[in-house]
Amino acid sequence: MHELSLMENVVATLRASAAENRIKKITRIQLVVGKLTMAVPEALQFAFEVFKEEDLFKSAVLEIKEEPVRGECKECQHAFEIKDYEFLCPSCSSPQVKLVGGRELYIDFYEGD
């Protein structure tokens, strides 16, 4: 379960940012997670519960926005969503596909007082 270590890093980043901005209580967090990270949203939510004992996160709601795997064909430049890990261009059937999305893992924003 690598989600716990991912969440430890997210929480550390939030702690640092909250301290820097004098935020005492975080109420909402939006996390963007690409499907190629293999991070399971339910496991991330479960891991986040570990940190909700801290005053900073006690009333925080974690929202996870999943991003699909996206590619762009190097032959015909067609941009498309890659489903079932099939890395073939649906327009020209070329296997020359460049990954352009799906590896994201970042805090989009957070709110607090």
Side-chain angles (χ1 to χ4, degrees):
M1 182 169 143
H2 73 294
E3 286 83 356
L4 183 58
S5 63
L6 291 174
M7 192 51 66
E8 285 175 333
N9 289 328
V10 167
V11 165
T13 301
L14 288 166
R15 279 188 200 118
S17 179
E20 190 177 304
N21 293 294
R22 298 182 185 165
I23 293 174
K24 303 286 183 212
K25 185 169 75 172
I26 292 177
T27 55
R28 183 174 169 215
I29 304 158
Q30 182 157 329
L31 192 63
V32 176
V33 180
K35 288 198 176 215
L36 281 179
T37 64
M38 302 296 179
V40 178
E42 294 81 13
L44 287 168
Q45 287 284 358
F46 183 76
F48 182 65
E49 292 301 314
V50 171
F51 301 98
K52 289 194 75 169
E53 292 180 11
E54 288 181 44
D55 287 342
L56 182 62
F57 302 108
K58 216 168 225 150
S59 59
V61 174
L62 175 64
E63 298 172 357
I64 297 174
K65 180 179 171 189
E66 282 190 282
E67 287 293 319
V69 180
R70 293 184 314 278
E72 182 179 300
C73 180
K74 292 179 181 177
E75 299 292 328
C76 70
Q77 285 72 47
H78 179 69
F80 59 98
E81 183 176 333
I82 296 171
K83 296 182 179 173
D84 300 324
Y85 302 102
E86 190 173 311
F87 292 87
L88 290 174
C89 176
S91 179
C92 70
S93 300
S94 171
Q96 301 296 317
V97 174
K98 176 174 75 174
L99 280 176
V100 295
R103 291 185 260 186
E104 307 87 345
L105 188 111
Y106 61 89
I107 301 164
D108 193 18
F109 65 87
Y110 71 95
E111 299 172 350
D113 302 321

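Atom CZ of residue Phe57 and atom CG of residue Asp55 lie 11.0 Å apart, to the nearest 0.5 angstrom. Atoms CZ and CD1, from Phe48 and Ile64 in turn, are 9.5 Å apart once rounded to the nearest 0.5 Å. Expressed to the nearest 0.5 Å, how far CG of Leu31 lies from CZ of Phe109 amounts to 11.0 Å. Distance OH/Tyr110 to OG1/Thr13: 10.0 Å, rounded to 0.5 Å. Atom CZ of Arg15 and atom CG of Leu56 lie 8.0 Å apart (nearest 0.5 Å). Rounded to the nearest 0.5 Å, atoms OG1 (Thr27) and NZ (Lys58) are 15.5 Å apart.
A distance-only check finds no donor-acceptor pair linking the side chain of Glu63 to the backbone of Arg28 [under 3.5 Å]. Remark: side-chain polar atoms of Ser5 are paired, donor with acceptor, to backbone N or O of His2 under 3.5 angstrom. Under the 3.5 Å distance criterion, the side-chain polar atoms of Glu3 are matched with a main-chain donor or acceptor of Val40.
By the criterion of side-chain heavy atoms lying less than 4.5 angstrom apart, applied directly or through intervening Ile, Leu, Val, Met, Phe, Trp or Tyr residues, Tyr106 is not grouped with Phe51; the two fall into different hydrophobic clusters. Criterion: ILVMFWY side-chain heavy atoms under 4.5 Å apart, direct or through other members. Under it, Val50 and Ile26 are part of a common hydrophobic cluster. Ile107 and Leu4 fall within a single hydrophobic cluster, where Ile, Leu, Val, Met, Phe, Trp and Tyr side chains are chained together by heavy-atom contacts under 4.5 Å. Hydrophobic clustering keeps Leu14 apart from Val32 (ILVMFWY residues linked when any side-chain heavy atoms are closer than 4.5 Å, directly or through intermediates).
The number of heavy-atom neighbours closer than 6.0 Å to NZ of Lys52, taken from other residues, nucleotides and ligands shown, is above 12.
The two atoms that bring Cys76 and Cys73 nearest to each other are N-SG, 3.3 Å, heavy atoms only. Nearest heavy-atom pair across Ala39 and Val33 is CB-CG1, 4.0 Å. Ile29 approaches Ala60 most closely through the heavy-atom pair CD1-CB, 4.2 Å.
Hydrophobic cluster membership of Phe87, counting Ile, Leu, Val, Met, Phe, Trp and Tyr whose side-chain heavy atoms lie under 4.5 Å apart directly or via other members: Leu36, Met38, Val69, Phe80, Ile82, Tyr85, Val97, Leu99.
Screening residues 71-83 for side chain to side chain donor-acceptor pair (under 3.5 Å), with sequence neighbours left out, gives no hits.
Between Glu104 and Lys65 there is no salt bridge, since none of the side-chain N atoms of the basic residue sits less than 4.0 Å from a carboxylate O of the acidic one.
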